[in-house]
**Student:** 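Handing you a structure now.
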Amino acid sequence: MLEKNPTTIDPGRAAQSAPLVAIASVIVSMALIAIGNGLMFAYIPVRLGADGFDPTWAGLIVTGLSAGGLAGCILTGPLVKRVGHARAFMVLSALIALSNAAIGASPIPLLWIAARALYGFAICGLFIVAQSWLNDALPNAIRGRVMAVFYVAYIGGLGVGYATLAAIDIHTAAAALIGIAFTALSILPVGMTRLAQPPAPQAASVALRRAWRISPVGVAGMLAVGGLSMIVSGFAPIHATAKGYSQTDVALLLSAMPVGTLILQIPLGWISDRTDRRYVLAGAAALATLASVLAIVFDGGALMVLLVIYLIWDGASESIYALSSAHAADRAGKDELLALSSSMLFAWSLAGFIVPGIVTALSAVFGTATFIYVGIVIASAFCLFVLWRVTAGRPTPAVTSGNFAPMSAQTPLPVELAFAPDDQQRHAKD
């Protein structure tokens, strides 16, 4: 990892340009990874269905993915502390390439479960590294918008990967080779950047209790979106395949879903930077609840109707991720960011492990539509929790801004106060 030489680069100019370089390298790399990842998400259930495997195997693969994510949340912190953000990013990208190679070897369900567990470990670690790197470079005033762009770029890449399924022969290794190629490309932006790495983290372990003290709503949001995102992205293609939709139909359905994120993510992030983020979180959860109810009403119906419903459902659900991340990061000190990211992703993966396991077990009895009902329970429960926190929380004294608008506890602080020495002053309960 090359670092800026203070004898040849003006420190003031470097400080001003560093955030832009960090944003460009990390976001581009994650978007490239997402293209291959999206293709693999779509390919696995369709290939298993085409080969006559029971849908339970596809559900177990989704569960294995999140089991690997749990390990990634625990081990990524020590890895970053040992080798730094950039090298950790490259190591984890290499593991994704290995996972894709195993998928391309042969449709063996047990092998695929292990391969996707390895993928889960790596992708969870990549999110920890990317988010902590961005959070180190960003002031609170723009964090919500930048994290929204970061996640929109990733989701957009997933959409491209989903759409690619329609153009390949699923009975060949083409999907795995494409996934490997984009993963290799993703290493270049981070591997070639001259941006100095963030300081070594003071704490790199998972600390859910500490994360909960910083932001109950943030942690609850990650628990909710961990379940929602895994069942929507993981079980929607399984259910569509079981319903008899074609390979092209499944690819179209999955590629349309990220459009909801592209439509909702940035506006919601922009609004959340200007108001209490909890209001926006509650609204996103309510919208996800409504969409999942409609998914039951129109289940198995016209494809175009389902495209719109799943577009809204996925967009509202995925928006909870960036909003919860920004909400929690607003309340953390710089030396807490990596541990906070690890804890938040651990909560995400914990729910992502438990919920798909429950859905897989219930689907064997009630059918592949079970994930929709589980989605209703998760989204509505989170919405009610956020509303309860809004009403139960202590009011924050109004702060007069240039426009004389009152600021709540979630309103971004001025840049010079974003990481005040006394974190106690900024860790008011939400």
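Side chains included, hydrogens not; waters and symmetry mates left out as well; all remaining heavy atoms used.
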**Student:** Does S99 use its side chain to pair, donor to acceptor, with the backbone of A115 at less than 3.5 Å?
**Tutor:** yes
**Student:** Taking atom types as modelled and ignoring hydrogens, do the side chains of Y119 and N37 form a donor-acceptor contact shorter than 3.5 angstrom?
**Tutor:** yes
**Student:** Determine whether L387 and C383 make a side-chain contact, defined as any pair of heavy atoms from C-beta on separated by less than 4.5 Å.
**Tutor:** yes
**Student:** Can you tell me how far CZ of F235 sits from CE of M230, rounded to the nearest 0.5 angstrom?
**Tutor:** 8.0 Å
**Student:** Going by atom type alone, with no hydrogens or angles, which donor-acceptor pairs under 3.5 Å involve a side-chain atom of residues 219-227 and a protein atom two or more places apart or on another chain?
**Tutor:**
none

**Student:** In the structure I gave you, are the side-chain heavy atoms of L126 and I96 within less than 4.5 Å of one another anywhere?
**Tutor:** yes
**Student:** Would you say I263 and L311 make side-chain contact, with heavy atoms under 4.5 Å?
**Tutor:** yes
**Student:** Donor-acceptor check, side chain of T391 to backbone of W388, threshold 3.5 angstrom: yes or no?
**Tutor:** yes
**Student:** Nearest 0.5 Å please: distance from the CD1 atom of I309 over to the CE atom of M257.
**Tutor:** 12.5 Å
**Student:** Taking all non-hydrogen atoms of both residues into account, name the closest pair between P237 and V250 and its distance.
**Tutor:** CB-CG1, 4.0 Å
**Student:** Would you check if R389 and P216 make a side-chain contact, meaning some heavy-atom pair closer than 4.5 Å?
**Tutor:** yes
**Student:** If you look at every heavy atom in G218 and H327, which pair is closest and at what distance?
**Tutor:** N-CD2, 3.8 Å
**Student:** Testing the basics here: between I168 and Q247, what is the closest heavy-atom pair and its distance to 0.1 Å?
**Tutor:** O-NE2, 3.2 Å
**Student:** Mind jotting down which residue pairs meet the salt bridge (Lys or Arg N to Asp or Glu O under 4.0 Å) criterion with at least one end in residues 38-48? Sequence neighbours excluded, please.
**Tutor:** R47-D51
**Student:** Which heavy-atom pair separates G36 from F182 by the least distance, and what is that distance?
**Tutor:** N-CB, 4.1 Å
**Student:** If a pair satisfies salt bridge (Lys or Arg N to Asp or Glu O under 4.0 Å) and one of its residues is in residues 220-243, list it, with sequence neighbours excluded.
**Tutor:** K243-D299
**Student:** Taking side chain as C-beta onward, heavy atoms only, is T275 less than 4.5 Å from I271?
**Tutor:** yes
**Student:** Report the distance from atom CG of L48 to atom CD1 of I44, rounding to the nearest 0.5 Å.
**Tutor:** 7.5 Å
**Student:** To the nearest 0.5 angstrom, please state how far the CG atom of L254 sits from the CG atom of L158.
**Tutor:** 10.0 Å
**Student:** If I take atom OG from residue S229 and atom CG from residue D314, how far apart are they, to the nearest 0.5 angstrom?
**Tutor:** 8.5 Å
**Student:** Looking only at atom types and distance, does a side-chain atom of T63 sit under 3.5 Å from a main-chain N or O of G59, one as donor and one as acceptor?
**Tutor:** yes
**Student:** Could you work out, with ring-ring contact (aromatic ring centres under 6.0 Å, His included) as the rule, every residue matching F41, not counting sequence neighbours?
**Tutor:** none
**Student:** Testing the basics here: between I372 and S292, what is the closest heavy-atom pair and its distance to 0.1 Å?
**Tutor:** CG2-O, 3.2 Å
**Student:** Mind checking the CD1-OG1 spacing from I238 to T368? Nearest 0.5 Å is all I need.
**Tutor:** 8.5 Å
**Student:** Y321 versus F127: any side-chain heavy-atom pair under 4.5 Å?
**Tutor:** yes
**Student:** Show the numbers, then the answer: is there a side-chain contact (heavy atoms from CB on, under 4.5 Å) between W57 and I113?
**Tutor:** CA-CA 9 Å; W57 282 112; I113 291 174; 3.9 Å; yes
**Student:** Show your working on side-chain contact (heavy atoms from CB on, under 4.5 Å) between V217 and R277 and close with a plain yes or no.
**Tutor:** CA-CA 10 Å; V217 166; R277 295 196 203 275; over 6 Å; no
**Student:** When you measure from the side chain of E318 to the backbone N and O of P258, does any donor-acceptor pair fall under 3.5 Å?
**Tutor:** no
**Student:** Are L92 and F121 close enough that some pair of their side-chain heavy atoms sits under 4.5 Å apart?
**Tutor:** yes
**Student:** Tell me every residue that passes ring-ring contact (aromatic ring centres under 6.0 Å, His included) with Y310, counting only those two or more places apart in sequence or in another chain.
**Tutor:** W313
**Student:** Would you indicate whether the side-chain heavy atoms of L264 and L287 approach each other to under 4.5 Å?
**Tutor:** yes
**Student:** On a heavy-atom basis, which atom in D249 and which in L303 lie closest, and how many Å separate them?
**Tutor:** OD1-CD2, 3.5 Å
**Student:** Assess the residue pair Y43 and I170 against the criterion (side-chain contact (heavy atoms from CB on, under 4.5 Å)); give the C-alpha distance rounded to whole Å, side-chain angles, the decisive distance to 0.1 Å, and a yes or no.
**Tutor:** CA-CA 7 Å; Y43 166 76; I170 62 170; 4.0 Å; yes
**Student:** Please step through side-chain contact (heavy atoms from CB on, under 4.5 Å) for the pair S29 and F89, ending with a clear verdict.
**Tutor:** CA-CA 9 Å; S29 289; F89 192 101; 3.5 Å; yes
**Student:** Which residue pairs pass the salt bridge (Lys or Arg N to Asp or Glu O under 4.0 Å) test with at least one member in residues 223-240, sequence neighbours excluded?
**Tutor:** none
